[in-house]
Amino acid sequence: MPQELSKTYDPTAIEDRWAEYWVREQLFSQPVLQPERHFREQISDAYKPSFTILLPPPNVTGRLHMGHMLNQTEMDILTRWQRMRGERKALWVPGTDHAGIATQMMVERQLAEEGTTRQQLGREPFLQRVWDWKRVYGGAILDQMKRLGATVDWSREYFTMDDNLSLAVREAFVRLHEQGLIYRGAYIVNWCPRCQTAISDLEVVHEDRPGKIWEIRYPVVGEPGEFLTIATTRPETMLGDVAVVVHPEDERYAAFHGKRVMLPLMGREIPVITDAWVSREFGTGAVKVTPAHDPNDFAIGQRHGLRSLSVMDEQGRMIAEDTPYNGLDRFVARERILADLEAQDLLVAAREHALSVGICDRCKTVVEPRLSEQWFLRIQPLAEKAIAAVEQGAIRFTPDQYRKIYLNWMANIHDWCLSRQLWWGHRIPAWECAACRQMTVVRETPSQCSHCGSAAITQVSDVLDTWFSSGLLPVTVFGWPFADGHPSADFSEFYPTSLLVTGFDILFFWVARMIMLGCWFSADVPMPDGSPRTLAESVPFRDVYIHALVRDAHGDKMSKTKGNVVDPIETVRQYGTDAVRFTLASMASPGTDIAFSVARTEGNRAFANKIWNAARFVFLNLNRAAEAGIPVEITTSTALPAIDDEAPLEDRWITAELHRTAAVVHASLGEYRFDEAAQSLYSFIWGSFCDWYLEIVKLRLQFAEPRGHAAARAALQTLVAVFESALRLLSPLMPFLTEEIWHALYNGQPPTKSIALAAFPVASDAALQNASFDTMGLVQSFITETRAQRKEIGMEEKAEAPVFVHASSKVRQTLQQNTAMILRLARVKELSFCDALPTRLTARSTAAFDLAIDYARTVDVAAERDKLSKEVARLEKALASADRQLGNPGFLAKAPAAVVEGLQSQRADSSILLTKARQALAALPADS
RNA sequence: GGGCGGUUAGCUCAGUUGGUUAGAGCGCCUGCCUUACAAGCAGGAUGUCGGGGGUUCGAGUCCCUCACUGCCCA
């Protein structure tokens with residue numbers, strides 16, 4: 001006997017319990033593999049590669065938002081589905097990212113509140129603070145994830161600064177250096193004056209802002225009264241000007257070639273040079289050259305052998321000794337400089353100009369291009385492999401459009417600036433020699449310079465870009481690098497991973513980097529059988545599923561300032577995890593953003609409630625059966641119940657529908673169509689199982705009389721089998737509810753410790769072609785038409801009346817065989833079949849049958865006439881359209897036979913209905 | 001400036017290789033507490049598929065063009 005379920009569905013009462021159970025019981029762990037045993041497994045015929053998936057590691061500083069929840073829901077659905085299919089090991093690896101800048105900022109903010117700074121504290125004590133912070137707050141987001149029921153392997157949880165991962169990062173850096181792919185130099189980088197570090201191109205976001213463009217006159221040396229007018233949007237950088245450049249073919253400036261101009265305010269002579277890079281249309285066609293503070297100017301400086309003059313420090317303050325601007329903030333200096341220029345009558349114009357401003361992705365400060373010494377990765381060799389891997393199909397993108405975006409970006413990739421002037425992160429394994437100024441880059445902390453042997457060496461203070469370590473994760477989480485050159489059994493089993501599920505926002509940051517680093521570092525790791533690894537086997541994952549952005553109900557981006565952020569944890573508290581998961585899944589169709597709607601979540605909680613009550617109904621009847629001494633078996637198996645040709649129509653039909661649903665869910669999940677899987681489950685469980693099957697089966701669930709027991713038992717058997725299978729089918733999407741009901745169904749003693757470990761039902765092809773679909777469809781349409789007709793003639797809900805039917809003998813036979821369900825579901829007193837319907841009654845017709853209810857009707861003649869007229873018009877149009885096509889020789893010649901036949905039968909139906917509608921219209925009373 | 005999407009019911013979205021009368025959820029209207037469920041049941045209304053042109057026997061679906069809109073890159 002099943003356990004009793006409480007009268008109302010209360011997700012909060014069940015979800016915490018199961019979330020905790022799943023973690024405590026460690027149901028989803030894949031123990032680290034033993035090499036010998038693993039080898040035996042891999043050579044057996046039954047071996048199938050495991051389904052492996054890596055959680056995009058959230059920042060330790062992170063708080064769970066809807067995007068995380070969508071991402072995790074999708075991964076969890078797929079992992080649960082694969083695990084239940086049972087053909088492959090399923091492994092989902094969780095972890096968190098140390099998130100250099102973000103975490104450092106968080107702790108710096110704390111320090112600021114205490115009135116101190118990291119500099120005052122010093123590097124080591126500061127790092128200690130960060131670790132302390134991480135220990136206290138770092139687990140928050142994973143705890144939230146546990147609550148959502150994600151079936152990750154918690155025993156494998158990592159942190160990107162764990163010792164083993166840090167060693168791997170060092171190994172990767174040193175190897176790249178040995179391969180000559182890492183270089184160090186002074187280049188223009190994006191500099192954040194607030195974070196005081198270099199950041200990569202990707203970490204700069206561009207924002208269109210209204211700005212100004214100023215035109216400034218530079219006096220020509222030796223020619224009083226002559227000026228060269230340049231245009232600039234950043235006048236403060238003029239302090240570092242080393243030249244003025246014009247286009248060589250720009251005739252307006254031909255006379256200035258080879259001359260020198262006086263840099264205003266600085267009193268410095270600088271040359272006028274020519275370079276074809278200059279756009280003649282932009283501004284005045286003359287451009288100031290500031291190599292230390294602009295990437296284009298830097299390139300010009302290189303070409304023309306100009307020196308670079310830095311005029312700004314790490315914090316964005318001017319460096320210009322002996323000038324009034326020294327030490328001023330860049331924006332203060334700008335105003336001051338403009339004012340001074342104006343006073344000297346050198347400011348010609350100031351025009352409004354929309355400009356694209358680079359701001360720091362993290363702190364939103366305006367980024368400054370700045371010349372500084374950084375470490376770079378020569379990316380081309382890695383990019384080539386990463387391009388080839390995708391081009392040869394070793395990695396597939398869904399939706400496919402991201403393949404193009406990826407390839408386009410890869411083709412135009414720039415060297416990767418790896419160094420960050422932060423403290424929190426993986427410190428670059430390079431030591432600078434005080435004696436010879438050379439760098440020693442090694443795995444183990446050295447005691448002397450590898451170039452000159454001096455002991456006066458100090459490790460460089462920079463750390464690595466956070467994405468360098470996360471880009472290595474697919475290899476490092478499975479044990480790379482390997483001390484003895486042999487891959488770990490874990491690596492052999494789980495690399496390449498199967499799938500990456502993520503948002504497009506980190507396509508370049510993370511996905512592209514993993515592909516490059518994964519292909520690069522796994523290439524020399526031999527396959528389990530010792531053979532060399534091909535590029536296709538070197539990829540970090542075989543599939544990439546890129547999901548949408550979660551927006552608010554109106555499709556607007558969620559943002560704190562707009563106040564439209566929906567907190568997943570709060571929403572889960574209100575409606576239950578299952579309802580939120582189902583909502584996200586049902587809206588996750590590829591390529592479109594998700595407009596997350598609370599109304600829809602409410603609807604899906606209703607769905608959960610519906611299932612809950614269906615379970616109560618099933619349990620109630622199981623208990624009645626037990627009391628009546630009727631045995632009912634419950635089984636959990638991979639195969640769905642077979643269709644018994646002798647069983648009543650409803651049993652055959654609901655079983656066939658179940659098979660159809662299982663097939664759709666299986667196919668949909670295989671294509672990441674979470675929306676289709678959800679919709680198909682929704683309409684099966686609510687539309688078919690609850691609305692139709694449960695109502696029909698009530699006829700047979702009679703336990704009072706022993707004569708009915710055989711029928712009741714057969715009915716219950718099907719009812720339970722279908723319901724139990726449906727629970728398993730639904731469980732990847734609604735794990736909590738199904739777990740709770742499933743355990744209760746088995747009275748707390750289910751065949752496996754979790755429904756997530758039970759088999760995923762598999763449809764049989766034969767069941768998908770079953771006559772019951774058509775037969776049941778006919779009966780359903782009869783019931784629906786009768787109900788509609790009752791409503792139309794104003795019958796009271798509870799009233800019962802006889803119904804007259806006119807139909808072909810075949811249809812008649814079907815209806816007769818299923819009279820009981822018709823009487824109950826349509827509230828009909830009795831069915832009378834006749835050759836002609838009584839004329840005193842208003843009939844309702846379909847192509848298959850006509851029916852008339854014997855009831856004192858109250859018909860609104862005007863409304864009826866209106867309705868019938870519309871019907872006639874519609875049918876006439878349909879008929880005309882069908883005739884036009886059928887009369888077209890081209891159509892008959894070229895269209896497939898099935899289409900022609902379909903149209904012919906549709907034309908026949910329309911014709912019958914038209915006749916019937918015209919007759920009904922004519923039969924209406926003339927008045928009113 | 002370059003590239004990629006989107007425009008289908010009041011709202012948010014599906015709509016597979018062109019093929020019969022374009023669907024779902026929510027919302028709306030009407031009637032029902034029909035003992036699993038009012039978080040429910042039953043019935044109902046609502047679309048010139050952004051505009052224009054083309055290809056085709058046949059276009060929401062393919063092509064061109066215009067409009068609007070979103071995103072990415074520079």
Side-chain angles (χ1 to χ4, degrees), chain A residues 5 7-9 201-202 204-206 279 356 358 399 401-402 404-405 408-409 412 504-505 507-508 549 551-557 575 579 583 586-589 591-621 667 671 673 675-676 678-680 682-683 686-687 690-691 694-695 698 783-792 794-798 824-827 867 874-875 877-879 881-882 884-896 898-907 909-910 913:
Chain A
L5 295 179
K7 192 157 165 86
T8 49
Y9 164 65
D201 293 347
L202 281 176
V204 179
V205 292
H206 293 269
S279 156
S356 173
Q401 40 167 317
Y402 288 104
K404 273 189 279 179
I405 296 175
N408 191 41
W409 185 77
N412 297 299
F504 62 84
D505 50 331
L507 180 62
F508 305 136
L549 213 64
R551 296 166 174 275
D552 77 359
H554 300 287
D556 291 328
K557 207 166 179 170
Y575 302 101
T583 303
S586 67
M587 303 202 66
S589 58
T592 21
D593 286 343
I594 292 178
F596 185 84
S597 134
V598 170
R600 205 147 167 160
T601 311
E602 230 173 281
N604 287 324
R605 182 190 53 178
F607 178 50
N609 182 59
K610 188 79 183 173
I611 298 164
W612 184 264
N613 281 292
R616 290 180 58 226
F617 175 82
V618 173
F619 291 7
L620 178 81
N621 284 287
E671 298 172 336
R673 292 303 305 257
D675 58 328
E676 285 180 0
Q679 205 196 335
S680 129
Y682 188 96
S683 77
W686 199 323
C690 292
D691 286 349
L694 288 190
E695 293 307 319
K698 282 176 184 172
I783 292 168
T784 305
E785 292 294 334
T786 307
R787 284 170 176 167
Q789 183 68 0
R790 290 171 55 102
K791 201 84 160 184
E792 199 174 298
M795 259 181 96
E796 281 173 38
E797 206 70 29
K798 283 180 177 167
R824 181 183 172 104
L825 268 61
R827 287 181 191 277
K867 199 195 103 193
R874 186 183 67 82
L875 289 165
K877 210 176 138 195
L879 206 57
S881 152
R884 193 169 50 245
Q885 281 197 73
L886 289 168
N888 183 332
F891 174 71
L892 295 175
K894 293 181 186 174
V899 173
V900 176
E901 280 163 28
L903 189 59
Q904 275 163 348
S905 92
Q906 180 223 321
R907 191 213 167 275
D909 287 356
S910 296
L913 287 172

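Here the structure is a predicted model, which means the values were calculated and not measured.
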Using a heavy-atom cut-off of under 4.0 Å over every strand shown, decide if [X] touches base, sugar-phosphate, or nothing.
X        : value
A:Arg824 : nothing
A:Asn621 : nothing
A:Glu796 : nothing
A:Arg605 : base
A:Arg790 : nothing
A:Ala788 : sugar-phosphate
A:Leu507 : nothing
A:Thr784 : sugar-phosphate

Figure out the [atom1]/[atom2] separation between [X] and [N], and round it to whole Å.
X        : N     : atom1 : atom2 : value
A:Phe607 : B:A39 : CZ    : C1'   : 13 Å
A:Lys798 : B:C32 : NZ    : C1'   : 9 Å
A:Leu549 : B:G5  : CG    : P     : 18 Å
A:Arg787 : B:C32 : CZ    : C1'   : 13 Å
A:Glu676 : B:U16 : CD    : C1'   : 8 Å
A:Met795 : B:G43 : CE    : P     : 14 Å
A:Lys791 : B:A45 : NZ    : C1'   : 14 Å
A:Arg827 : B:C32 : CZ    : P     : 13 Å

Rounded distance in Å between the [atom1] positions of [N] and [M]:
N     : M     : atom1 : value
B:G23 : B:A36 : P     : 33 Å
B:U61 : B:G52 : P     : 13 Å
B:G51 : B:U34 : P     : 48 Å
B:G18 : B:G27 : C1'   : 34 Å
B:C63 : B:U56 : C1'   : 12 Å
B:C66 : B:G47 : P     : 31 Å
B:C49 : B:C62 : C1'   : 16 Å
B:U65 : B:C26 : P     : 41 Å

Q) Can a side chain N or O of A:Lys404 be found less than 4.0 Å away from OP1 or OP2 on B:C72? A)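 Answer is no, no contact under 4.0 Å.
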
Q. With respect to the phosphate group of B:A36, does any side-chain polar atom (N or O) of A:Lys698 fall under 4.0 Å of OP1 or OP2?
A.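 Result: yes.
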
Looking at [options], which one has an atom nearest to any side-chain atom of [X]?
X        : options             : value
A:Ala614 : B:G40, B:G31, B:A36 : B:A36
A:Gln401 : B:U30, B:C4, B:A36  : B:C4
A:Glu797 : B:A14, B:A36, B:G31 : B:G31
A:Ala595 : B:A39, B:C13, B:C73 : B:C13
A:Lys610 : B:C72, B:A36, B:A42 : B:A36
A:Lys7   : B:C37, B:A42, B:A14 : B:C37

Q) Are the side chains of A:Ile611 and A:Tyr9 in touch, meaning some heavy atoms are under 4.5 Å apart? A)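 A side-chain contact under 4.5 Å is absent here.
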
Q) Taking the side chain as C-beta and beyond, is there a heavy-atom pair between A:Arg616 and A:Lys7 under 4.5 Å? A)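 A side-chain contact exists here, since the closest heavy-atom pair is under 4.5 Å.
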
(Q) What stems show up for RNA chain B when you take Watson-Crick pairs (N1-N3 plus N6-O4 or O6-N4) and G-U wobbles (N1-O2, O6-N3), both under 3.5 Å, and require three or more consecutive pairs? (A)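 The stems that RNA chain B takes part in, listed by first number, are B:1-7 with B:67-73, B:10-13 with B:23-26, B:28-32 with B:40-44, B:50-54 with B:62-66.
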
Q: Taking A:Arg787 for its side chain and A:Leu825 for its backbone only, find out whether a donor-acceptor pair lies under 3.5 Å.
A: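 Side chain of A:Arg787 to backbone of A:Leu825, a donor-acceptor pair under 3.5 Å: yes, one is there.
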
Q.
Testing the basics here: between A:Ser586 and A:Asp675, what is the closest heavy-atom pair and its distance to 0.1 Å?
A.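 Scanning both residues completely, I find the closest heavy atoms to be O-CB, 3.3 Å.
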
Q) Of all heavy-atom pairs between A:Ser597 and A:Thr583, which one has the smallest distance, and what is that distance? A)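 Minimum heavy-atom separation between A:Ser597 and A:Thr583: O-CG2, 4.2 Å.
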
Could I get the full list of side chain to side chain donor-acceptor pair (under 3.5 Å) partners for [X], not counting sequence neighbours?
X        : answer
A:Gln679 : none
A:Lys698 : A:Glu695
A:Arg827 : none

Q. Quick one: on RNA chain B, does A:Val204 or A:Leu620 contact a more 5' nucleotide (nearest heavy atom)?
A.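 Counting from the 5' end, the first nearest nucleotide belongs to A:Leu620.
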
Q.
Judged by each residue's nearest nucleotide on RNA chain B, which is more toward the 5′ side, A:Asn408 or A:Phe504?
A.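 Final value for this comparison: A:Asn408.
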
Excluding sequence neighbours, so at least two apart, what forms side chain to side chain contact (heavy atoms under 4.5 Å, CB included) with [X]?
X        : value
A:Glu901 : A:Ala897, A:Gln904
A:Tyr575 : A:Thr571, A:Ala579, A:Val598, A:Thr601, A:Glu602, A:Arg605
A:Ala588 : A:Leu70, A:Glu74, A:Ile594, A:Phe674
A:Ile405 : A:Tyr402, A:Leu507, A:Phe508

What pairs of nitrogen or oxygen atoms, one from the protein and one from nucleotides 20-28 of chain B, lie under 3.5 Å apart?
residue : atom : partner  : partner atom : Å
B:U20   : O3'  : A:Gln906 : OE1          : 3.1
B:U20   : O2'  : A:Gln906 : OE1          : 2.8
B:U20   : O2   : A:Gly902 : O            : 2.6
B:U21   : O2   : A:Arg874 : NH1          : 3.1

